[in-house]
Novice: 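Supplied in structure tokens, the structure appears directly below.
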Amino acid sequence: MTGRVVVIGVGNPFRRDDGAGPAVIEALRGRVPEGTVLTDSDGEPGRMLGLWHRQDAVVVVEVVHAHPGQPGRLHTLTAERAARCAARSASTHALGLGETFALAAALDRMPEELTVHAVEGEDFGLGRGLSTAVADALPELIRHVAEAIGEAHHRLRHASALTDGRGRA
């Protein structure tokens, strides 16, 4: 793995709790190592695929509406587990992460490494501002994502050191 660390906050800040992904991205600006790409997305699969390369480590930050749910509960998922959970949860986006990952796999566009950090939302109505449960969980979610970024950079440096001067590892 010799790519970048790409962090994607999925959501819509005008749909209350759905704005948590973009809020995490804003909170991390200026606080991440060089070589980190911070961006947000509305979750449309084609645009999501355009944000990463196969060699990248990707961290997705998303809000989910689980059934039954516990607003504010945090989840850390692999791409495979996120795709399975997406079948049992609802998204405020036209298509969910499960469909995005399935499309990426079908097109051979899955990144080298992909992790999803999610928080269960409560209020997806029109308007700005997070529910109390999601706002209270936001600092811990930001900490989890920041740690994931640091760990991904460490793995990238290690992989690069293994391949420097010796061809592919």
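On a predicted model such as this, the values are computed, not experimentally measured, just so you know.
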Novice: With rounding to the nearest 0.5 Å, note down the distance linking CZ in R128 to CG in N12.
Specialist: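 Between R128 CZ and N12 CG, I get 9.0 Å after rounding to 0.5 Å.
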Novice: Does some side-chain heavy atom of I149 sit less than 4.5 Å from a side-chain heavy atom of P33?
Specialist: yes
Novice: Would you name the heavy atoms of A133 and E122 that are closest together and state the gap between them?
Specialist: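 Heavy-atom minimum between the residues: CB-OE1, 4.2 Å.
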Novice: Can we say D108 and R54 salt-bridge, meaning some charged N sits less than 4.0 Å from an Asp/Glu carboxylate O?
Specialist: yes
Novice: How close do V134 and A20 get, counting heavy atoms only, and between which atoms?
Specialist: CG1-CB, 3.9 Å
Novice: Roughly how far, to the nearest 0.5 Å, is the CD atom of E147 from the CD1 atom of I142?
Specialist: 12.5 Å
Novice: Please list, chain by chain and in numerical order, all residues satisfying side-chain contact (heavy atoms from CB on, under 4.5 Å) with I25, sequence neighbours excluded.
Specialist: V7, R29, L38
Novice: Please give me the minimum heavy-atom distance between A57 and A152, naming the atom from each residue.
Specialist: CB-CB, 3.9 Å
Novice: Should L107 and M48 be counted in the same cluster of Ile, Leu, Val, Met, Phe, Trp and Tyr side chains packed under 4.5 Å apart?
Specialist: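 Yes; tracing contacts between hydrophobic side chains, which count when under 4.5 Å, links both residues.
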Novice: Verify side-chain contact (heavy atoms from CB on, under 4.5 Å) between D42 and V10, making sure each step is shown before the conclusion.
Specialist: CA-CA 6 Å; D42 62 3; V10 179; over 6 Å; no
Novice: Using the six-membered ring wherever Trp is involved, compare the ring planes of W52 and F101 and label them parallel, tilted or perpendicular (cut-offs 30° and 60°).
Specialist: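 Aromatic pair W52/F101 classed tilted.
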Novice: Out of curiosity, R109 CZ to L49 CG, how far, rounded to the nearest 0.5 Å?
Specialist: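 Here the rounded value is 5.5 Å.
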Novice: Please name the pair of heavy atoms, one in H117 and one in L141, separated by the smallest distance, quoted to 0.1 Å.
Specialist: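 Closest pair (atom of H117, atom of L141, distance): CB-CD1, 3.9 Å.
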Novice: Once rounded to the nearest 0.5 Å, what's the spacing between atom CZ of R143 and atom CG of L74?
Specialist: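 Spacing of CZ (R143) from CG (L74) equals 9.0 Å.
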Novice: Can you tell me if R16 uses its side chain to pair, donor with acceptor, with the backbone of D123 under 3.5 Å?
Specialist: no
Novice: When you compare the side chain of H154 with that of E151, does any pair of heavy atoms fall below 4.5 Å?
Specialist: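 Answer no - side chains too far apart.
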Novice: Is the shortest side-chain heavy-atom distance between E62 and D18 below 4.5 Å?
Specialist: yes
Novice: Would you say the side-chain atoms of D17 pair up with the backbone N or O of S131, donor to acceptor, closer than 3.5 Å?
Specialist: yes
Novice: Apply the side-chain hydrogen bond (donor to acceptor under 3.5 Å, both in side chains) test between T36 and each candidate in R4, H153, R31; give the one that qualifies.
Specialist: H153
Novice: How would you list, by chain and number, every residue that makes a side-chain contact (heavy atoms from CB on, under 4.5 Å) with T39, sequence neighbours excluded?
Specialist: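 Per chain and number, T39 pairs via side-chain contact (heavy atoms from CB on, under 4.5 Å) with I8, L51.
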Novice: State, without any angle test, whether H65 and E120 hold a side-chain donor-acceptor pair at a distance under 3.5 Å.
Specialist: no
Novice: Could you check V60 against V58 for side-chain contact (heavy atoms from CB on, under 4.5 Å), going step by step and ending with a plain yes or no?
Specialist: CA-CA 6 Å; V60 175; V58 177; 3.9 Å; yes
Novice: Is any NZ, NE, NH1 or NH2 atom of the basic residue among E113 and R155 found under 4.0 Å from an Asp or Glu carboxylate oxygen of the other?
Specialist: yes
Novice: What closest approach, in Å, do D40 and P22 show between heavy atoms, and which atom pair accounts for it?
Specialist: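 For D40 and P22, the tightest heavy-atom pair comes out as OD2-CB, 4.1 Å.
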Novice: If we check side chain to side chain contact (heavy atoms under 4.5 Å, CB included) with V145, which of these qualifies: V32, V59, T115?
Specialist: V59
Novice: Strictly distance-based, threshold 3.5 Å: is any side-chain N or O of Q70 a donor or acceptor partner for the main-chain N or O of R73?
Specialist: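 No, because the side chain of Q70 does not come within donor-acceptor range (under 3.5 Å) of the backbone of R73.
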Novice: Side chains of V119 and V64: does their closest heavy-atom pair fall under 4.5 Å?
Specialist: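 Answer no - side chains too far apart.
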